[in-house]
4 protein chains.
Amino acid sequence: METRTNRQQKALETKNKLIDAALRTFSRKGFKESTTKDIAKEAGVTDGLIYHYFQSKEDLLWAIFDKYTLLHSLEETVSRLDSNQPLEHNLTIYFQSLFRSLDESQDLIVMCFGEAQRNDDIRRKIQEIIGRGAELLVTFLEPKVRIGRRELSIAVRNLQTAMVFHFLTVDRFMEGGKARQEYIEISVRQLLKIIAE
Amino acid sequence: METRTNRQQKALETKNKLIDAALRTFSRKGFKESTTKDIAKEAGVTDGLIYHYFQSKEDLLWAIFDKYTLLHSLEETVSRLDSNQPLEHNLTIYFQSLFRSLDESQDLIVMCFGEAQRNDDIRRKIQEIIGRGAELLVTFLEPKVRIGRRELSIAVRNLQTAMVFHFLTVDRFMEGGKARQEYIEISVRQLLKIIAE
Amino acid sequence: METRTNRQQKALETKNKLIDAALRTFSRKGFKESTTKDIAKEAGVTDGLIYHYFQSKEDLLWAIFDKYTLLHSLEETVSRLDSNQPLEHNLTIYFQSLFRSLDESQDLIVMCFGEAQRNDDIRRKIQEIIGRGAELLVTFLEPKVRIGRRELSIAVRNLQTAMVFHFLTVDRFMEGGKARQEYIEISVRQLLKIIAE
Amino acid sequence: METRTNRQQKALETKNKLIDAALRTFSRKGFKESTTKDIAKEAGVTDGLIYHYFQSKEDLLWAIFDKYTLLHSLEETVSRLDSNQPLEHNLTIYFQSLFRSLDESQDLIVMCFGEAQRNDDIRRKIQEIIGRGAELLVTFLEPKVRIGRRELSIAVRNLQTAMVFHFLTVDRFMEGGKARQEYIEISVRQLLKIIAE
DNA sequence: GATGAATGAGGCTTCATTCAT
DNA sequence: GATGAATGAAGCCTCATTCAT
């Protein structure tokens, strides 16, 4: 019994190693440019084993999405925002959390951006990344601001998009969090100007 | 002599046909997924001819950049902004021009976003897309607003990034310009709240 | 001790299950096209077990021949023919028995025909199918007919070949035995015309 | 113009070389066991070229059937039979022609027998081989014999089947035509006993 | 005895690139 | 300049076989 469990455990680990290796490889080189040999090597196993666990290279891609839920900590963050605190404080917390989520899902998001152009399923994933967080925040902000939901939605969505893009092209290549913190503070203050009465 | 010139003319046309065909193909399917056969077919020539004009498939990629300067009409637009007009008017004109530039360079931009992940030169191209326009506008706006250049730069850059992304993921899939116009108007008004005294 | 015997019994059953599964699979898909996974699945065991009982996939093929002797009931049939009965009666009994033998060995024969081209050992098996029965019958008939053994042998062999082929390409795809019976009757009468004085 | 024709000519030859090489390889080793490398090597070209001319390995199989019509000389032979000559003479001529046709199509027929089990299209081809010739001969014989068409058809079909099988398993492995000639003579005489009044 | 994870050679196919015509 | 036949490396995937448990 113990033995059985151990073997299954090991197999599960191998499968996960493959998924993670695939994610790293895909995010570094893109899906098409990543060879199954690359992935196997990155996972420390042989070529053929991929096909013991997955039907195809593409199957490995979907396995990545099954395993990783994007920005899953964001909902939690929003649920813990304190309405008694000033807006500026809450927004800062939210966007800091967004950046931390981006840090965590970095590989996945980079890969998604690379593949979105060619793959509609992935394009939808990206829209989800931007959209989900935005909706959460909009719902939280709506009763607290004067502007209509449509305007609010555009303001939040625009800023969030810009932030994800900023993360992808600037932030993730920089050391230290000071620049990030400054960027967040300025952005939050600008958002406040838009939405505050 | 005349014949020679004609031939050269024809050759130039063929070369251009190949560059344009490559751009369309790359933007539709991505660089790796586009085969030289695809490109030749799209250009209406035979396989091997590509290698008469270009050293390699990658060479074709760089030829695209040599031929097309991104957003080249944007500078002209900024230079024609009228300082006597209200800011809202000028900003609207600017962003309308930005969207028209995106329309024109659609294939190129889509391709750049698709390939940026794998290719640092292309990544730089994208930063250029976002950055150049932003700098022009910042320079125009700076003497007219109260906030510092740093804040102004972030505001403009954030909005411009969001707009390019909006174009890529939403706008270009929609018919009719009403939604676009509304999106621009709202965004301009929000920018004004940030930068106006 | 008992347990041991039970285990041996169980092992033998598993081995037989594998042989039969292999036969079915080979006859359905051919040797090369049948994977060890196919066979294991058909036998209801796991992949690796095949190699506990057999050295290789090809070894399984030979095990099939070791287990099944083709047309083994034919000798018995011939030994029970009654010389006092008319030839027509005896021939009919013989060929009916041949078809029943073919029914029984259907999978094996189909497989042999499929693999004969690539494998000399199997080719010999087929010759045996046709030849053995023919010799038995020729020996039984020889003293009862006028024509020489050479002619008799050709006549019997030709008909038997035709019958095996008829079975493979026509008979085995048909429901009901009426057509078969008619085919046998006509063929027997024609054989009689050849061999009868 | 000349040049063009020469190149096209050469290309056609290469394509034919590939078809013939495939036929030889398939008939020797079977379809599945023949690798594209085998075929290319047999044709004296490189691997990839196969896919310049054919869509797939299977496509090559159908190209073989497009190129070669089985037993096409048989119809001609039947049309030239002389009703004024004795039956024995005509039958001998017919079956000699059959064997010559088998000689010519040897590779193709061997391949067909090898693949028939797995491939319905090929199974049909084989039935055609046996059936076509038989029908031609039956139509020629019908007005000249006493027995009904059903009996006649079975007699002819049985013999022809036996002959094709004899060719495949015995005749083609033997040197010299004497044994063949004797086999034909005996078989013809036996057929005459069946169908002659 | 039985399992199924792991290996690695090899097959079919694609495709950038070369080159004779 | 233009063609397209030819090359050969490399990719995805299959599968017989081994082996630790």
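A note on names: the letters A, B, ... follow the listed sequences, proteins ahead of strands, and every chain is numbered from 1. The analysis underlying the following values was restricted to heavy atoms, covering all of them including side chains, and did not include hydrogens, waters or symmetry mates.
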Is there any ring-ring contact (aromatic ring centres under 6.0 Å, His included) pair reaching into residues 14-36 of chain B, and which pairs are they, with sequence neighbours excluded?
B:Phe26-B:Phe31
Residues that B:Asp107 engages under side chain to side chain donor-acceptor pair (under 3.5 Å), provided they are two or more places apart:
B:Ser27
To the side chain of B:Tyr51, which of F:dT14, E:dC12, E:dT18 is closest?
E:dT18
Base-pair string, DNA chain E, Watson-Crick plus G-U, cut-off 3.5 Å on both distances, | for inter-strand, is .||||||||||||||||||||
Show me, pair by pair, the donor-acceptor contacts under 3.5 angstrom made by side chains of residues 60-67 of chain A, not counting sequence neighbours?
unit_1, atom_1, unit_2, atom_2, d
A:Trp62, NE1, A:Glu58, OE2, 3.4
A:Lys67, NZ, A:Asn16, OD1, 3.4
A:Lys67, NZ, A:Asp20, OD1, 2.9
A:Lys67, NZ, A:Asp20, OD2, 3.2

Output the single nucleotide from F:dA6, E:dT13, E:dG4 whose closest atom is nearest the side chain of D:Lys57.
E:dT13
What residues, two or more places apart in sequence or in another chain, satisfy side chain to side chain donor-acceptor pair (under 3.5 Å) together with D:Asp121?
D:Arg124
Considering residues at least two apart in sequence or located in another chain, which fulfil the side chain to side chain donor-acceptor pair (under 3.5 Å) criterion with B:Asp59?
none
Please report, to 0.1 Å, the donor-acceptor pairs under 3.5 Å made by any side chain of residues 45-52 of chain A, with sequence neighbours excluded.
none

What residues 15-49 of chain D contributes to the DNA chain F interface at heavy-atom separation below 4.0 Å is D:Val45, D:Thr46, D:Gly48, D:Leu49
Position toward the 5' end of DNA chain E (nearest nucleotide), A:Tyr53 or C:Tyr53
C:Tyr53
CD of A:Gln8 versus C1' of F:dA20: gap in Å, rounded?
15 Å
Kindly write out the residues that satisfy side chain to side chain donor-acceptor pair (under 3.5 Å) with D:Lys29, not counting sequence neighbours, or none if the list is empty.
D:Asp38
